[in-house]
Participant: 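Structure below; questions to follow.
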Amino acid sequence: MQVNKDMTIAEIIRVDEGIVPILFDAGMHCIGCPSAQGESLEMACMVHGIDADEVEEKINAYLAAK
C-alpha cells in the first residue's frame, strides 16, 4: 500500500503506526491533535512549512521496505 498527500493524517497512521516517527522527524509533533486527524498530509505539511512531497516519499519508502 502507498499513501498520498490527499489522505488525512489519521488515515495514514491507520495504514501503519510505524509512520508516526517519520511524521515526528519531519516536524509534525501534533499527531494526536484533533485538527491533525482531519487534515490531509498536504495541509499539515503546509501549516508546518514542510515539503509534502518529501514526507510522502519517505513514508512510501518505509512502506515499500516492509
Side-chain angles (χ1 to χ4, degrees):
M1 169 149 201
Q2 287 197 322
V3 302
N4 63 64
K5 304 183 285 199
D6 297 324
M7 294 173 73
T8 66
I9 299 296
E11 290 171 329
I12 290 170
I13 293 170
R14 278 195 297 270
V15 169
D16 187 317
E17 289 186 8
I19 293 170
V20 171
I22 297 168
L23 297 173
F24 280 157
D25 288 345
M28 289 188 220
H29 300 116
C30 55
I31 301 303
C33 172
S35 64
Q37 297 303 302
E39 283 182 331
S40 69
L41 177 61
E42 186 168 39
M43 282 176 122
C45 286
M46 183 180 68
V47 168
H48 290 88
I50 300 166
D51 183 333
D53 292 322
E54 186 177 312
V55 176
E56 178 184 48
E57 187 176 307
K58 286 180 182 179
I59 292 170
N60 285 322
Y62 161 78
L63 292 171
K66 286 192 81 174

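The structure presented is a predicted model; accordingly, all values stated were derived computationally and were not measured.
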Participant: Spell out, yes or no, whether Ile59 and Val47 are grouped together once hydrophobic residues are joined by side-chain heavy atoms under 4.5 Å, including indirect joins.
Facilitator: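 As far as the 4.5 Å side-chain criterion goes, Val47 and Ile59 are not connected within one cluster.
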Participant: Testing the basics here: between Gly18 and Pro21, what is the closest heavy-atom pair and its distance to 0.1 Å?
Facilitator: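 Taking every non-hydrogen atom into account, O-CD, 3.1 Å.
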Participant: Using the rule that Ile, Leu, Val, Met, Phe, Trp and Tyr join whenever any side-chain heavy atoms are under 4.5 Å apart, tell me whether Phe24 and Ile9 fall into a single cluster.
Facilitator: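 Yes, because Phe24 and Ile9 connect within a single hydrophobic cluster, where side-chain heavy atoms sit under 4.5 Å apart.
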Participant: Going from CG on Leu63 to CD1 on Ile22, what distance comes out if it is rounded to the nearest 0.5 angstrom?
Facilitator: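 Going from the CG atom of Leu63 to the CD1 atom of Ile22 covers 7.0 Å.
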Participant: Got a second to check how far Asp53's CG is from Lys5's NZ, nearest 0.5 Å?
Facilitator: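 Asp53 CG to Lys5 NZ: 3.5 Å, rounded to 0.5 Å.
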Participant: Counting only heavy atoms from other residues, nucleotides and ligands, does the tally under 6.0 Å from CD of Glu57 exceed 12?
Facilitator: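 12 or below, so no.
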Participant: Roughly how far, to the nearest 0.5 Å, is the CD1 atom of Ile19 from the NZ atom of Lys58?
Facilitator: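 One gets 14.0 Å once the value is rounded to the nearest 0.5 Å.
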Participant: Mind listing the closest non-hydrogen atom pair of Val55 and Ala26 along with its distance?
Facilitator: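 The pair with the smallest heavy-atom distance is CG2-CB, 3.9 Å.
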Participant: Could you state whether Val15 and Met28 fall into the same hydrophobic cluster, counting links through intermediate Ile, Leu, Val, Met, Phe, Trp or Tyr residues with side-chain heavy atoms under 4.5 angstrom apart?
Facilitator: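 Yes, it is one cluster - the side chains of Val15 and Met28 are joined through contacts under 4.5 Å.
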Participant: If only atom types and distance count, is the side chain of Asn4 paired as donor or acceptor with the main-chain N or O of Met7 below 3.5 Å?
Facilitator: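 It does hold such a pair.
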Participant: Between Cys45 and Ala52, what is the shortest heavy-atom contact and its length?
Facilitator: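 Of all heavy-atom pairs spanning Cys45 and Ala52, the closest is SG-CA, 3.6 Å.
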Participant: Among all residues two or more places apart in sequence or in another chain, which pass the side chain to side chain donor-acceptor pair (under 3.5 Å) test with Asp16?
Facilitator: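 Partners of Asp16 under the side chain to side chain donor-acceptor pair (under 3.5 Å) test: Tyr62, Lys66.
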Participant: Is it true that Met43 and Leu23 fall in one hydrophobic cluster, defined by side-chain heavy atoms closer than 4.5 Å?
Facilitator: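 Hydrophobic grouping puts Met43 apart from Leu23.
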Participant: From Asp51 CG over to Met46 CE, what is the distance, rounded to the nearest 0.5 angstrom?
Facilitator: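 Asp51 CG to Met46 CE: 13.5 Å, rounded to 0.5 Å.
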Participant: Give me each pair satisfying side-chain hydrogen bond (donor to acceptor under 3.5 Å, both in side chains) with a member in residues 39-48, each pair once, sequence neighbours excluded.
Facilitator: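 side-chain hydrogen bond (donor to acceptor under 3.5 Å, both in side chains) check on residues 39-48 returns no pairs.
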